[in-house]
2 protein chains.
Amino acid sequence: MPRSAPQMPARLTEAAFELFAEHGFEAVTVDDIATHAGVTKGSFYSHFQSKREIILAACAFYYGEYQRKVQRAIARLSDPHQRLRRVLEISVRSCVLDRGNRVFTTEVFALLLQDDEVRAGWSQFYDSVRKMYLGLLIAADGCQVPAAEARRAVDLMLAAMEGVKMRAAFEPQIGSRAQQATIVDDLLRVLGFPAGSRAARSASSATPSSARSRTRSTS
Amino acid sequence: MPRSAPQMPARLTEAAFELFAEHGFEAVTVDDIATHAGVTKGSFYSHFQSKREIILAACAFYYGEYQRKVQRAIARLSDPHQRLRRVLEISVRSCVLDRGNRVFTTEVFALLLQDDEVRAGWSQFYDSVRKMYLGLLIAADGCQVPAAEARRAVDLMLAAMEGVKMRAAFEPQIGSRAQQATIVDDLLRVLGFPAGSRAARSASSATPSSARSRTRSTS
DNA sequence: CAGATAACATACCAATCAGTACGCAAACGG
DNA sequence: CCGTTTGCGTACTGATTGGTATGTTATCTG
């Protein structure tokens with residue numbers, strides 16, 4: 001049925017993402033992708049010029065999915081603390097608990113060491129995530145802390161989240177759903193919210209500011 | 001020159017590690033490894049049975065090198081705070097600043113998602129690193145904190161270190177030598193040493209205990 | 001010195017896989 | 001209704017590469 005396949009690129013991209021998230025880039029052939037999408041290799045090459053091109057498309061798909069998930073999760077929340085915690089929960093669930101996403105991003109990391117375009121794409125995605133968290137943190141924080149320090153805290157928290165994801169790959173038990181809250185608490189602590197703080201508990205919606213009490217005490 | 005090559009496996013392993021650390025596992029062929037070690041593929045297969053086998057050998061080589069570096073660095077230090085900080089410095093330099101090690105471990109991460117033996121090896125290595133940090137932390141800490149909490153802090157710190165390494169792959173500037181001290185400070189903060197604390201500064205050798213002051217204040 | 005043995009090289013095989021050439025058939029334009 | 005366009009399938013090629021089969025040479029043993 002010619003003259004009618006505007007959804008074909010998207011279908012191939014999604015099929016590719018699913019396979020990549022299961023087996024990695026190298027282990028998946030163009031034939032596999034085409035078959036998984038219900039077509040053949042010849043058709044594949046009438047929509048994408050190379051395997052590399054659909055890898056880039058799969059990356060863009062992943063970035064979009066993450067941002068869509070986050071936006072939907074906080075669309076109806078107005079309390080800044082709730083919003084921050086909710087985004088952390090979503091991110092942990094998506095990055096740490098979901099094996100497919102773990103495999104996919106790990107493959108992206110390996111690839112971006114060799115491919116400038118992949119690196120640039122990830123860097124841009126990471127920038128947008130950082131900006132988002134920075135906004136959430138400043139909103140939840142009541143602007144108590146200089147922007148430079150907030151940014152450093154966000155960077156450290158994002159690093160910790162990446163690291164937790166890595167660990168989940170070889171210690172699956174930390175990816176259990178029971179651990180999710182613990183991980184979120186840890187990340188909030190890295191962001192400057194002390195462990196005992198109720199500031200960002202999803203239940204409360206009050207406690208407008210002074211939620212954080214960064215420790216500067218020395219020995 | 002037969003009957004005389006007990007160093008050949010080690011030479012091949014080191015050659016393989018160097019190439020893997022530059023180009024990744026898939027991009028390096030057995031021919032490349034053999035050539036880099038000054039022999040041919042036929043010789044390679046008289047020392048290793050498969051490409052996978054030398055990848056495992058290269059992993060073991062990496063683990064050994066890291067532990068050797070750490071041991072040498074703290075052999076002459078007796079102050080617990082100095083020891084902890086020194087190990088962090090060495091780890092950051094080795095993991096974050098060294099591109100080769102970054103590439104290699106990233107490849108290992110990608111591979112351990114598909115290979116149980118690689119996963120088991122890395123898991124064991126990671127365990128030994130965690131135990132080491134736990135010992136260093138408890139020593140530097142004067143046993144102020146329950147072991148479970150110390151372990152959680154170590155896990156979070158190690159996660160943050162992994163994440164910083166990942167970021168260094170696509171934001172090379174954070175891997176600059178100038179940033180090294182900042183990263184170490186951040187990691188110490190995650191471990192529970194407040195930012196202003198001089199407890200673990202490499203200069204001082206006093207301040208035996210009460211270096212940490214975990215915040216439990218709430219909003 | 002002779003035979004065994006182990007390190008190493010040469011040449012090859014077989015499988016995999018990205019990418020291509022080409023043909024067919026269905027929808028569109030005129 | 002006819003020709004063009006376009007999506008898609010079939011069949012192929014060419015290059016790569018892990019692994020092997022088969023020497024060849026030098027050292028060791030007796």
Side-chain angles (χ1 to χ4, degrees), chain A residues 1-59 103-104 107-108 110-112 114-118, chain B residues 1-59 104 107-108 110-111 114-118:
Chain A
M1 53 183 80
R3 292 293 176 98
S4 62
Q7 82 293 358
M8 231 10 236
R11 217 167 92 196
L12 283 165
T13 301
E14 200 167 336
F17 176 82
E18 283 170 13
L19 292 175
F20 290 153
E22 178 98 25
H23 305 108
F25 293 144
E26 297 274 355
V28 173
T29 70
V30 174
D31 269 317
D32 293 336
I33 298 170
T35 302
H36 195 61
V39 296
T40 57
K41 186 155 65 171
S43 314
F44 172 92
Y45 278 100
S46 71
H47 294 283
F48 295 90
Q49 295 210 343
S50 63
K51 186 179 181 180
R52 181 171 170 276
E53 193 169 298
I54 203 172
I55 288 177
L56 292 170
C59 290
V103 173
F104 186 82
E107 289 287 320
V108 172
L111 191 57
L112 67 74
Q114 319 286 345
D115 189 306
D116 285 346
E117 200 169 343
V118 175
Chain B
M1 52 180 83
R3 291 296 175 92
S4 64
Q7 82 291 358
M8 225 19 231
R11 217 168 93 197
L12 282 165
T13 300
E14 200 168 336
F17 176 81
E18 283 170 15
L19 291 175
F20 290 154
E22 177 96 25
H23 305 107
F25 293 145
E26 297 273 358
V28 173
T29 70
V30 175
D31 268 320
D32 293 336
I33 298 170
T35 301
H36 196 60
V39 296
T40 59
K41 187 158 64 171
S43 313
F44 172 92
Y45 277 101
S46 71
H47 294 282
F48 295 90
Q49 295 209 344
S50 65
K51 185 180 182 180
R52 181 171 170 276
E53 193 169 299
I54 204 172
I55 289 176
L56 292 171
C59 290
F104 186 82
E107 290 288 319
V108 172
L111 191 56
Q114 318 287 344
D115 188 307
D116 285 345
E117 200 169 344
V118 174

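The analysis underlying the following values was restricted to heavy atoms, covering all of them including side chains, and did not include hydrogens, waters or symmetry mates. Each chain gets a letter, A, B and so on, in the order the sequences are listed, and its residues count up from 1.
- Taking atom CZ of residue F48(A) and atom C1' of nucleotide dC8(D), one finds them 15 Å apart after rounding to whole Å.
- Remark: Q114(A) pairs with V103(B) by the side chain to side chain contact (heavy atoms under 4.5 Å, CB included) rule, at least two apart or across chains.
- Here H47(B) does not reach the OP1 or OP2 of dA6(C): none of its side-chain N or O atoms lies under 4.0 Å away.
- Within the structure, the side chain to side chain donor-acceptor pair (under 3.5 Å) test picks out the following pairs touching residues 28-42 of chain B (sequence neighbours left out): E18(B)-H36(B), T29(B)-D32(B).
- For E53(B), the side chain to side chain contact (heavy atoms under 4.5 Å, CB included) criterion is met by F48(B), Q49(B), S50(B), not counting sequence neighbours.
- When the ring-ring contact (aromatic ring centres under 6.0 Å, His included) test is applied to F17(B), the partners found at least two apart in sequence or on another chain are F61(B), F104(B).
- Residues satisfying the side-chain hydrogen bond (donor to acceptor under 3.5 Å, both in side chains) test with E117(A), not counting sequence neighbours, are R52(A).
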Exercise for review: Can you check each nucleotide of nucleotides 9-22 of chain C against protein heavy atoms at under 4.0 Å and return B for base, S for sugar-phosphate only, - for none, in 5' to 3' order?
Suggested key: BB------SBBB--
